Amino acid sequence: MRVLVSGGAGYIGSHTVIRLVEAGHDVVVVDDFSNAKPTVVGRLEALTGRPIPVHAIDLTDTDKTEHLFAHEQIDAVIHFAGFKAVGESVAKPLAYYQNNLDSTFSLLRAMDRHDVRTLVFSSSATVYGAEPELPMTEDLPTSATNPYGWTKVMIEQILSDVAASDDRWRIAALRYFNPVGAHASGDIGEDPSGIPNNLMPFVAQVAVGRREQLSVFGDDYDTVDGTGVRDYIHVDDLAAGHVAALDTVGSRAEPMSVWNLGTGQGVSVLQVIKAFERASGRPIPYEIAPRRAGDIAASYADPARANADLGWRATKTIDDMCADTWRWQSKNPNGYPDA
Ligand code: UD1
């Protein structure tokens with residue numbers, strides 16, 4: 001298939017581009033580079049040995065999106081593009097709703113006009129809300145605790161309605177747990193701008209000396225050691241899950257499918273710190289800080305549905321995830337170059 005990857009220059013998108021090419025698909029990237037460096041594209045081309053066509057446009061621009069579909073032959077879309085910082089979404093709700101929803105509307109309309117009705121959407125376990133049952137199964141009710149999370153809930157609803165409206169659509173929403181790690185080459189990885197919001201990039205920046213110490217947000221949760229427990233999944237396993245979903249969704253009987261992409265294993269913040277110390281051979285200084293507003297004690301997937309329907313499962317351990325994050329971070333201490 002010739003697959004349009006929106007947000008293909010971003011963290012998960014870039015790893016998925018590599019997996020798609022390895023699986024024999026052709027790829028077209030659309031990215032506005034608002035949270036990605038153009039230099040990632042050269043690295044993708046070097047790693048895949050292929051030119052990667054890139055459209056540097058904002059999908060909320062309906063004319064440009066229409067133009068893209070009018071000029072590229074596209075068979076399916078994987079839609080990653082969107083704003084994704086929880087704290088920022090609380091401060092700028094309108095920007096989040098507008099960007100994430102408008103880009104999806106623009107994309108869906110252009111797809112429909114051009115008879116492209118196979119879509120894999122980048123959703124999140126955040127749709128299980130504030131007090132989920134564990135392990136999380138796809139049938140749990142959805143809700144959110146912040147505007148970013150609500151955009152995922154709302155887009156899933158929109159996709160389900162669109163899928164139900166016309167049997168030619170085949171749509172998958174993939175609910176990611178906590179993606180971490182980097183490509184085995186160490187040339188592609190997560191490159192957050194500013195102070196990282198998420199645990200693994202923060203730990204990696206402490207290890208490489210960019211930050212002094214980590215704050216552990218709470219040690220009084222009802223978990224194995226009191227710190228937050230999450231289902232960390234290697235980004236390369238996650239990328240493989242997208243290829244499996246794309247290869248499967250077209251032959252599904254129902255127009256809309258939802259799959260958790262996680263390992264099913266919970267790992268605590270202190271366990272991540274220990275694993276990263278083993279991988280990097282460096283100490284990770286930390287202090288215990290207050291709980292972060294909006295955090296839940298524990299989150300982990302029941303990945304059984306994806307395992308069964310997609311013939312996919314996560315294979316990499318927390319040690320693999322830390323080793324690959326460390327290779328990327330130590331090879332690229334300041335992330336991607338500007339040019
Ligand atoms: C966060 C978002 C989630 C989003 C996901 C992927 C929140 C509340 N949730 O998930 O909606 O889909 O990122 O981008 O932001 N931690 C520390 N110190 C740090 C950073 C994190 O102790 O400096 C802890 C957290 O309290 C948590 C764990 O590490 O227990 C993982 O945090 P993080 O990587 O931010 O992911 P989530 O909060 O699970």
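Residues: numbered from 1 along the sequence shown. Just so we're clear, the structure is a prediction, and the values are computed from it rather than from any experiment. Read the numbers this way: they start at 1 and go in the same order the structure lists the ligands and their atoms. Just so it is clear, the values below take in all heavy atoms, side chains as well, and ignore hydrogens, waters and symmetry mates.
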**Student:** Quick one, V3 and V28 - any side-chain contact, counting heavy atoms below 4.5 Å?
**Tutor:**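 Side-chain contact under 4.5 Å: no.
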
**Student:** Which residue is it: D167, D309, D247? I am looking for the one with a salt bridge (charged side-chain N to carboxylate O under 4.0 Å, His left out) to R252.
**Tutor:**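 For R252, the salt bridge (charged side-chain N to carboxylate O under 4.0 Å, His left out) test succeeds with only one of D167, D309, D247, which is D309.
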
**Student:** Which residue, I12, T16, N178, forms the side-chain contact (heavy atoms from CB on, under 4.5 Å) with L238?
**Tutor:**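 The residue from I12, T16, N178 that satisfies side-chain contact (heavy atoms from CB on, under 4.5 Å) with L238 turns out to be I12.
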
**Student:** Would you say the side-chain atoms of T227 and D225 include a donor-acceptor pair closer than 3.5 Å?
**Tutor:**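 Result is yes, a qualifying pair exists.
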
**Student:** Near ligand 1, which protein residues have a heavy atom under 4.0 Å away?
**Tutor:**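 V86, S124, T126, Y148, N178, N197, N198, L199, L214, S215, V216, F217, G228, R230, Y232, V269, R292, D295.
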
**Student:** Does NZ or CZ of R230 fall inside the cone over F177's six-membered ring, less than 6.0 Å from its centre and within 45° of the axis?
**Tutor:**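 That pair does not qualify as a cation-pi contact.
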
**Student:** Decide if the gap between the ring center of W259 and the ring center of Y176 is smaller than 6.0 angstrom.
**Tutor:**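 For W259 and Y176, the ring centres are not under 6.0 Å apart.
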
